[in-house]
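Remember, it's 1-based here, ligands and their atoms both numbered in the order they're listed. Remember, predicted model here, so these are calculated numbers, not experimental data.
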Amino acid sequence: MDKFVIHGGKPLRGKVRVNGSKNSALPILIATLLTDETCVIDNVPNLRDIRTTYKLLEELGKKITVKGKTVRIEYHRKLKTKAPYDLVKQMRASILVAGPLLARFGKARVSLPGGCAIGLRPIDIHSKAFEALGAETANAGGDLLYTAKKIRSGKVTFRFASVGATENVMTLAAATPGEITIENAAREPEIEDLADFLNKMGATVTGAGTRRIRIRGAETLAGVRHTVIADRIETGTLLLACGATGGKLTLAGAVPDHLEAVIESLKKSGAEVKTVKGGLEICAPLRPRPVSIRTKVHPGFPTDLQAPWMAYMCRAKGKSRVNESIFERRYLHAAELGRLGARIRVDGPNAVVDGVPILQGATIMASDIRAGAALIIAGLSAQGVTEIHRVYHIDRGYERIERKLRSVGARIRRVAA
Ligand code: EPZ
C-alpha cells in the first residue's frame, strides 16, 4: 500500500488544470445502461472509483474502451440486472444501477451497500421513492431486490435532498413514458450535468438545479456524446491547499459558480480569490483569519470540503467552528490532524479548531477520500516531514494528486509502503 511523504512549509505557486468531476462522471457512466446504443463520455478522470464503475458496467454487459479521458461504452451482451457485492462494497455509488435496470427490465438486484467511515449511509430515500412509483423492495441474502410490473407516473417527495436518490429517480424516470416529479430534489451541479446528459439521450428533464425536477421519459433513449463538468471538490481541495501554504495558484477549468459558499468563506479568511479567464485565481496570506462553517446541501458549504477546510483552519489566527450537518461521523480526520499539533475538539456534529502558528510533521493515516485530502493539506502546511498512509483512500477521488501538487512546488512523493 502506497504512502505519501511530504516535506511541508513551501507555498504552492503556479497553474494547474482541474479534472472532470468524479461525482458527475459516476452517475453519467451508469446512466449509459439506459440505452444499447454507443455513448462516448469526455473529460472523465482516471481514478479508482471510475475504474470500479467500468468493472461494474462490464459485469452488467457493457463493452468499455478508455482512451485518455475519453470513454466509449458499447453494447456487448444483454444486460444482467444484478450488481455483485464485491464491486458494491468498494463503491456505494453502485446503487445507482437500480434506476436504469428497474426502468428497462422491471428488476434490479443490488448488494446492500455497507456503511463507510463517514456514516451508515442508508438508502431508505431511494427505496421509498421507487415504491412510491410502483416498485417493490425485498431483502434477499444481503441484496436489495427492486421489482416492478410497471413504473407509474407521479410525484415523489424526499425527506432529505439526497444526491444519489435524486440521480436514481432521474434515470428511472428518463426511460419511463409519462411524467415523474421530484420534490425536495438535490440541487448539486452534478444533478444538472446528469439532466443535460439525459436530455441529449431523448428524455425531457426540467428544473434540474432547483428543488423541483420534472422528467418526461421516453420508450427508447439514444446513445450520445457528453463532456463531464469540472470537479468542484478537487477545485476546492486545491484552493485550500494553496490557502494553507500561503501560496498563489491559478486553477484552469475551475467553475466559480459551483463553489460560491467556499469562495465566500475563503475571502472571509483573508484570501484573495478572483475569477480569471477560464478559471479561478487564489492568493493567500501566510496565516488565515478564523472562519466558521456549517455544511449544507448545495448551494451551501459542501460536506466534501469540510475536512479540507478544517485542515486549512488548523493554523488560523484564532478559533473557528465546524458544524457537519450532512453525515453523522465525518470527523475521523480530526484525531490525525491532532498528531500534527492541531488543537481540535469534537463534540457530536460540532468541532472547534483553535488555530496554532505551527504544525509539526508526523506519520498519519487516511480514513476516507476527503479526510485523506485534509491530511495532505495539513502536511503541506506543516514544518518537517509528514507521512500519510492508506493513500488508496485518496486515490479513489483524486487522480495522482501528488503529481498535480508537485507541478506547483509541493515537496510530495508517493512511496510504495
Ligand atoms: C454523494 O453521496 C457524493 N457521492 C458524496 O461524495 C457526497 O458527500 C454526498 O453526495 C453529499 O453531497 C457521489 O456523488 C458519488 P446523499 P450520496 O444521498 O449520494 C443520508 C465523495 O467524497 N441518506 O446526498 O450517497 C446519508 O446517510 C463522496 O466524493 C439517507 O439517510 O449522498 C447522508 O447522511 C462522499 N438515506 C446524507 O443523506 C438515503 O436513502 C447525504 O447523502 C440516502 C442518503
Closest protein heavy atom (residue, atom, distance) for atom 16 (P) of ligand 1: Val163 N, 3.7 Å

Polar side-chain atom of Asn43 near backbone of Thr227 as donor-acceptor pair, under 3.5 Å: no

Close-contact set for ligand 1 against Leu26 heavy atoms, below 4.0 Å: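 By the 4.0 Å cutoff, the relevant atoms are 15 (C).
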
Protein contact to atom 18 (O) of ligand 1 [nearest heavy atom, distance to 0.1 Å]: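 The closest one turns out to be Ser162 OG, 2.7 Å.
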
Shortest non-hydrogen separation from Ser94 to Val110 and the atoms involved: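 Result for this residue pair: O-CG1, 4.4 Å.
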
Test item, Arg330 contacting ligand 1 (heavy atom, 4.0 angstrom):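 In this structure, Arg330 qualifies as a contact of ligand 1 - some heavy atom is under 4.0 Å.
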
Atoms in ligand 1 flagged as close to Thr303, the criterion being non-hydrogen separation under 4.0 Å: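 Every atom of ligand 1 under 4.0 Å from some heavy atom of Thr303: 8 (O), 11 (C), 12 (O).
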
Ionic contact status for Arg406 with Glu402, cut-off 4.0 Å: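 Judged by the 4.0 Å cut-off on N to carboxylate O distance, Glu402 and Arg406 do not form a salt bridge.
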
Contact atoms of ligand 1, heavy-atom distance to Gly164 under 4.0 Å: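 Atoms satisfying the 4.0 Å criterion: 18 (O), 19 (O).
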
His389 versus Glu336, side-chain donor and acceptor atoms under 3.5 Å: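 There is no such pair (donor and acceptor under 3.5 Å, judged by atom type) between the side chains of Glu336 and His389.
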
Arg232 and Asp257 ion-paired at < 4.0 Å: no

Side-chain donor-acceptor pair present, Thr295, Glu324, cut-off under 3.5 Å: yes

The one among Asn168, Thr166, Asp304 that brings a heavy atom closest to atom 6 (O) of ligand 1: Asp304

Residue selection (non-hydrogen contact nearest atom 9 (C) of ligand 1) among Phe160, Phe158, Phe327: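 Selected option, by shortest heavy-atom distance: Phe327.
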
Residue pair Glu399 / Glu234, side-chain heavy-atom distance below 4.5 Å: no

Which residue and heavy atom of the protein sit nearest atom 23 (N) of ligand 1, plus the separation: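 Minimum-distance protein heavy atom for atom 23 (N) of ligand 1 reads Pro122 O, 4.0 Å.
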
Under-4.0 Å heavy-atom contact with ligand 1, by part of Lys22 that carries it: side chain

Ligand 1 N/O within reach of Ile369 N/O, cut-off under 3.5 Å: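 Looking only at distances, the answer is no, because the N/O contact criterion of under 3.5 Å is not met.
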
Residue part near ligand 1, for Arg370, under 4.0 Å between non-hydrogen atoms: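 Just the side chain.
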
Side chain, backbone, both or neither: Ile326 near ligand 1, heavy atoms under 4.0 Å: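 Under 4.0 Å from ligand 1, Ile326 contributes backbone and side-chain atoms.
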
Leu198 side chain reached by Met201 side chain, heavy atoms, under 4.5 Å: yes

Protein contact to atom 3 (C) of ligand 1 [nearest heavy atom, distance to 0.1 Å]: Asn23 ND2, 3.8 Å

Polar proximity ligand 1 side, Glu167 side, N/O cut 3.5 Å exclusive: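 There is no such contact.
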
Contact with ligand 1 for Gly119, non-hydrogen, under 4.0 angstrom: no

Atoms of ligand 1, numbered as shown, that sit under 4.0 Å from any heavy atom of His126: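 Per the distance check, 40 (O).
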
Verify atom 20 (C) of ligand 1: protein non-hydrogen atom under 4.0 angstrom away: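 Within 4.0 Å: no protein heavy atom nearby.
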
Identity and separation of the nearest protein heavy atom to atom 2 (O) of ligand 1: Arg121 NH2, 3.6 Å

Heavy-atom gap Arg159 to ligand 1 smaller than 4.0 Å: yes

Ligand 1-proximal atoms of Asp124, by part, heavy-atom distance under 4.0 Å: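 Asp124 to ligand 1: contacts from backbone and side chain alike.
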
Which residue and heavy atom of the protein sit nearest atom 40 (O) of ligand 1, plus the separation: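 Here the closest protein heavy atom is Ile125 N, 2.8 Å.
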
Heavy-atom check, side chain of Ser127 versus side chain of Tyr146, under 4.5 Å: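 In short, these two side chains touch, coming nearer than 4.5 Å.
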
Non-neighbouring partners of Arg225 that pass side chain to side chain donor-acceptor pair (under 3.5 Å), sequence neighbours left out: Asp42

Which atom of Gly20 lies closest to which atom of Asp231, heavy atoms considered: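 Closest heavy-atom pair between Gly20 and Asp231: O-CB, 3.6 Å.
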
Ala165 N/O under 3.5 Å from ligand 1 N/O: no

Note: Asp395-Arg48 ion pair, threshold 4.0 Å (strictly below): no

Arg51 versus Asn46, side-chain donor and acceptor atoms under 3.5 Å: yes

Flag if over 12 foreign heavy atoms under 6.0 Å of NZ, Lys69: yes

